[in-house]
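These numbers come from the heavy atoms of this one structure, side chains and all, not from hydrogens, waters or symmetry mates. In what follows, chains are A, B, ... by sequence order, proteins preceding strands, each numbered from 1.
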2 protein chains.
Amino acid sequence: MARTVKGPDARRERWKGHREQRRAEFVEATIAAVAKKGPDVGMEDVAAEAGVSKPVLYRHFTDKSDLYLAVGQRATELLMDRMGPALAADGPIRARIERIVDAYLSVIEENPNLYRFVVKGSFVDRPVEKDVVAEDKNLIASALARILGDYLRAFDMDSGGAEPWAHALVGMVQNAGDWWLERQTMSRANLSDYLATIIWHAVDGLLRSAGVQADPAKPLTPLRLVD
Amino acid sequence: MARTVKGPDARRERWKGHREQRRAEFVEATIAAVAKKGPDVGMEDVAAEAGVSKPVLYRHFTDKSDLYLAVGQRATELLMDRMGPALAADGPIRARIERIVDAYLSVIEENPNLYRFVVKGSFVDRPVEKDVVAEDKNLIASALARILGDYLRAFDMDSGGAEPWAHALVGMVQNAGDWWLERQTMSRANLSDYLATIIWHAVDGLLRSAGVQADPAKPLTPLRLVD
DNA sequence: AAGTAACCGTTACCTCAAGTAACACTTACC
DNA sequence: GGTAAGTGTTACTTGAGGTAACGGTTACTT
């Protein structure tokens, strides 16, 4: 009875990865169900799509909004996979902006149903507690704010505007993308160009007002980064 | 029995205005209920707030989403009352932009609960059919697009970008406002200024790229309006 | 004056989807 | 053999949206 040090019962560990996998499976099923039956799918539908009955679903998700949250996170992954590189890449500033914007548009273009489900989503009983979309936008906006803030500081400018700027940009691209997705009245490349132009002009104006002359065709680097 | 020409039975007309008034009354009750009990109010709550029972509500609104739609439209009115003048007003371009932005922010600042209810709204069973918020954004964006388009044409520039521009601007202000409303980390005036600066720079940049030199302190008027 | 078309309002019900209880089988660690 | 995890089922409860059926009021119509 000297305790066998082996730690927690191995029977508890046996499933560790399995649960994750199962959740992912159900998330995929939800996405498939949404694609098939529109954004108003119920738990029953999702369960059916996954080939199980409701209680099974509820063993993996506490409730509907938990499931939908997971779907939202999956969507975020898709988005980030595409946007991450674009955000991180260096290069001519104007082209870089356009690439980021286009990355976003390409994702929503490829997954319109998923996108609509998540953003205009039937977050049926979401008591505003967890709003995936808001989370995601904050995530992206924060990343942007950090980048912007760094540049502003590097150019010795007031960095207080970085956050509102970031959120403004995110909202701008999202809403324009939204509109474009519904009535596709122009090519994606065209929209990316328009949006990038707006953003570039805004950035350029900001820099000018601080006496910096930027070249859209060059990477944006301050002459001297702070120390 | 030569028909008494008096047209439709006057008993039918008697209530014409009354129904409108009653609907408005319930819309107000909903807003009040939302203020009191958070955004998750049910029909029962709303009815209670209005001092009646559910069926009465259902005599005036076909269903929940009809009621919420009406609430949304009421919110639009509030918004438009404030933004209309700002949009229509003439004056120095930079100040004008700021005024429009600030008008928007002031409305959401004064009715935060209503705002949240409507936009992040518990549009519980909305089958995407009628989305008030989307409607409203389109409304505003269209107004903007018209203004922008006119200017672009007046300056002999490509006006194809007017619509994406408009939607981009709307999304920008909305999202930044959203963010600001949740964590109020700066004054409204401050945010208005930041946003107006972004927009002004974008506008200015666009004009520059067409060889037009604009003065932020002057009304934006093309030298010669088309014919 | 009697009839009736519109409203006012109620209580008690129906319905449907979210979520749960209870029960039975499987696997692999102890 | 015991048991801790997971597999799965059918059948239930719950709650909010929405409806039925009933009765009362007002004021126009005949």
Side-chain angles (χ1 to χ4, degrees), chain A residues 1-26 29-30 33-34 37-69 122-127 129, chain B residues 1-26 29-30 33-34 37-69 122-127 129:
Chain A
M1 38 11 231
R3 75 246 181 8
T4 42
V5 134
K6 75 179 69 75
D9 191 323
R11 273 172 295 190
R12 223 179 310 171
E13 304 304 298
R14 201 166 45 116
W15 304 96
K16 270 293 153 62
H18 190 243
R19 290 193 61 88
E20 293 297 310
Q21 196 182 339
R22 212 72 215 289
R23 272 179 71 101
E25 186 187 324
F26 288 130
T30 307
V34 166
K37 316 193 52 171
D40 293 356
V41 288
M43 295 302 263
E44 197 87 49
D45 302 291
V46 173
E49 176 69 34
V52 297
S53 57
K54 269 195 296 172
V56 178
L57 221 50
Y58 282 99
R59 289 231 183 75
H60 295 272
F61 300 92
T62 70
D63 60 9
K64 193 168 156 162
S65 71
D66 187 28
L67 170 60
Y68 287 2
L69 197 74
S122 310
F123 268 73
V124 174
D125 53 334
R126 146 221 49 186
E129 292 153 2
Chain B
M1 43 1 194
R3 75 249 179 358
T4 42
V5 134
K6 69 179 76 69
D9 192 323
R11 274 171 294 190
R12 222 179 311 171
E13 304 303 298
R14 204 170 36 121
W15 305 96
K16 272 289 153 65
H18 189 244
R19 290 192 62 88
E20 293 297 310
Q21 196 182 340
R22 211 74 213 289
R23 270 179 75 102
E25 185 187 324
F26 288 129
T30 307
V34 166
K37 315 194 54 172
D40 293 355
V41 286
M43 295 302 263
E44 195 89 49
D45 302 290
V46 172
E49 176 68 34
V52 298
S53 55
K54 270 194 297 173
V56 177
L57 223 48
Y58 282 99
R59 290 235 183 73
H60 296 273
F61 300 92
T62 70
D63 60 9
K64 191 168 156 159
S65 72
D66 186 28
L67 170 60
Y68 287 2
L69 197 72
S122 310
F123 268 73
V124 173
D125 53 333
R126 146 218 53 185
E129 293 153 2

Could you give the [atom1]-to-[atom2] distance, from [X] to [N], as a whole number of Å?
{"X": "A:L67", "N": "C:dG19", "atom1": "CG", "atom2": "C1'", "result": "13 Å"}
{"X": "A:E25", "N": "D:dG6", "atom1": "CD", "atom2": "C1'", "result": "13 Å"}
{"X": "B:K64", "N": "D:dT19", "atom1": "NZ", "atom2": "P", "result": "14 Å"}
{"X": "B:R23", "N": "C:dC8", "atom1": "CZ", "atom2": "C1'", "result": "18 Å"}
{"X": "A:D63", "N": "C:dA18", "atom1": "CG", "atom2": "C1'", "result": "9 Å"}
{"X": "B:E44", "N": "D:dG17", "atom1": "CD", "atom2": "P", "result": "8 Å"}

Residues from residues 45-62 of chain B sitting under 4.0 Å of DNA chain C, heavy atoms only? B:V52, B:S53, B:P55, B:V56, B:R59, B:H60
Please name the pair of heavy atoms, one in A:L57 and one in A:M43, separated by the smallest distance, quoted to 0.1 Å. CD2-O, 3.7 Å
In Å, rounded to the nearest 0.5 Å, how long is the span from CG of A:L69 to NZ of A:K64? 14.0 Å
Restricting to side chain to side chain donor-acceptor pair (under 3.5 Å), what partner residues turn up for B:E44, sequence neighbours left out? none
Determine all donor-acceptor pairs shorter than 3.5 Å in which one atom belongs to a side chain in residues 46-54 of chain A; sequence neighbours excluded.
residue, atom, partner, partner atom, Å
A:E49, OE1, A:K36, NZ, 3.0
A:E49, OE2, A:K36, NZ, 3.2

Short side-chain N/O contact from B:R19 to OP1 or OP2 of C:dC8, under 4.0 Å: no
Going by purine N1 to pyrimidine N3 plus the second Watson-Crick contact, or the G-U wobble pair, all under 3.5 Å, which nucleotide sits opposite D:dT30? C:dA1
side-chain contact (heavy atoms from CB on, under 4.5 Å) partners of A:F61, counting only residues at least two apart: A:R23, A:F26, A:V27, A:D66, A:L67, A:A70
Sequence neighbours excluded, the answer for salt bridge (Lys or Arg N to Asp or Glu O under 4.0 Å) partners of B:R59 is none
